[in-house]
Amino acid sequence: RPNMHEIWEYAKPAVLMTATIALLLNMDVILVKHFFPPEQAGIYAAASLLAKIPFLVSWVFSSVIFPRVTKLFVDGRPSGHLLRISLKYMSIIMVVSTFVNIFFANWIFRLVFGPQYEVGSYIGLYAFAMGLLAIVNILVVYQLALKRFTLAKIIPWFFVVECLLF
């Protein structure tokens with residue numbers, strides 16, 4: 001029979017970290033939708049989706065490393081190599097995505113959404129920020145797999161800072 005106390009003690013920081021990352025990922029779009037006209041909010045949401053591709057890719061790495069790291073942890077074997085590999089490839093994806101968003105975002109945006117639309121010059125910076133959030137996501141998943149909850153105490157403060165800056 002599962003130990004519900006143990007499950008709850010694991011679930012609390014896991015939910016906190018996941019919810020905070022979700023808020024960090026989406027709060028800007030929610031605020032833009034609230035404060036800007038619908039057309040501008042729609043363009044922003046579409047541009048945001050283009051810049052969030054690195055974060056979406058990070059879930060692939062997270063889905064792969066979580067069960068493997070957990071198995072290695074249970075077996076008492078090292079798992080740092082999986083983290084290093086994931087971070088290496090995620091960093092490459094982040095750099096490529098940033099480059100693409102700096103130099104080709106308007107072309108891609110017009111191709112997908114029509115010639116009348118253009119994204120601003122900050123999309124490359126946005127893509128870089130989403131790449132950093134993707135790296136944080138991988139670190140969070142890795143920490144959860146090892147039953148380490150240090151990030152659960154730190155990550156919510158990033159949301160607070162984002163709210164204060166916005």
Side-chain angles (χ1 to χ4, degrees), residues 7-8 10-67 83 86-145 148-166:
I7 291 171
W8 179 245
Y10 182 82
K12 285 189 298 189
V15 168
L16 179 64
M17 287 190 282
T18 304
T20 303
I21 287 176
L23 285 169
L24 286 168
L25 184 65
N26 296 299
M27 183 55 80
D28 62 323
V29 175
I30 293 167
L31 291 172
V32 167
K33 185 177 179 182
H34 180 73
F35 290 110
F36 287 82
E39 184 177 330
Q40 286 181 331
I43 292 169
Y44 182 87
S48 169
L49 184 61
L50 184 65
K52 287 179 181 172
I53 290 172
F55 182 83
L56 301 173
V57 170
S58 77
W59 280 106
V60 173
F61 290 104
S62 299
S63 299
V64 171
I65 70 167
F66 186 83
L83 177 63
S86 296
L87 292 177
K88 173 184 161 187
Y89 286 115
M90 193 63 244
S91 296
I92 292 168
I93 290 167
M94 179 179 73
V95 168
V96 169
S97 174
T98 300
F99 177 83
V100 166
N101 276 287
I102 288 171
F103 296 106
F104 302 107
N106 279 318
W107 181 81
I108 294 169
F109 203 75
R110 287 185 196 124
L111 181 69
V112 173
F113 298 106
Q116 69 274 23
Y117 296 109
E118 186 172 315
V119 294
S121 59
Y122 294 108
I123 190 104
L125 183 59
Y126 193 120
F128 182 74
M130 289 298 107
L132 292 176
L133 188 58
I135 288 172
V136 168
N137 185 53
I138 290 171
L139 291 169
V140 164
V141 168
Y142 182 77
Q143 292 284 305
L144 287 173
R148 295 182 191 156
F149 305 117
T150 307
L151 290 175
K153 298 172 187 158
I154 299 169
I155 299 268
W157 290 105
F158 286 102
F159 176 68
V160 172
V161 169
E162 179 185 34
C163 288
L164 292 174
L165 291 176
F166 220 99

Hey, mind stepping through V136 and L24 against side chain to side chain contact (heavy atoms under 4.5 Å, CB included) and telling me if it holds? CA-CA 11 Å; V136 168; L24 286 168; over 6 Å; no
Would F61 and N137 count as a side chain to side chain contact (heavy atoms under 4.5 Å, CB included) here? Give the steps. CA-CA 10 Å; F61 290 104; N137 185 53; over 6 Å; no
Please assess N26 against K52 for the test side chain to side chain contact (heavy atoms under 4.5 Å, CB included), listing each intermediate value before the final yes or no. CA-CA 10 Å; N26 296 299; K52 287 179 181 172; 3.7 Å; yes
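The CG atom of L50 sits 9.5 Å away from atom CG of N106, with the distance rounded to the nearest 0.5 Å. A distance of 11.0 Å separates CE of M130 from CG of N101, quoted to the nearest 0.5 Å. Atoms CG and CE, on L139 and M17 in that order, are 11.0 Å from each other to the nearest 0.5 Å. Remark: S86 OG to I138 CD1 distance equals 5.5 Å, nearest 0.5 Å. The distance from the CD1 atom of I108 to the CD1 atom of I123 is 9.5 Å, given to the nearest 0.5 Å. The line from CE of M90 to CG of L83 is 13.0 Å long, rounded to the nearest 0.5 Å.
Other residues, nucleotides and ligands contribute over 12 non-hydrogen atoms within 6.0 Å of the NZ atom of K12. Within 6.0 Å of atom CZ in F149, more than 12 heavy atoms from other residues, nucleotides or ligands are found, so the atom counts as buried in its surroundings. Heavy-atom contacts from other residues, nucleotides or ligands closer than 6.0 Å to OH of Y10 number more than 12. Counting non-hydrogen atoms of neighbouring residues, nucleotides and ligands closer than 6.0 angstrom, the OH atom of Y142 exceeds 12 such neighbours.
T98 places a side-chain N or O within 3.5 Å of a backbone atom of M94 that can act as its donor or acceptor partner. A distance-only check finds no donor-acceptor pair linking the side chain of Y44 to the backbone of K33 [under 3.5 Å]. No side-chain donor-acceptor contact under 3.5 Å links S97 to the backbone of I93.
F109 and F113 have tilted rings, their planes meeting at an angle from 30° to 60° on a 0 to 90° scale.
Nearest approach of A105 to V119, heavy atoms of both residues: CB-CG2, 3.9 Å. In terms of heavy atoms, A127 sits closest to P54 at O-CG, 4.2 Å.
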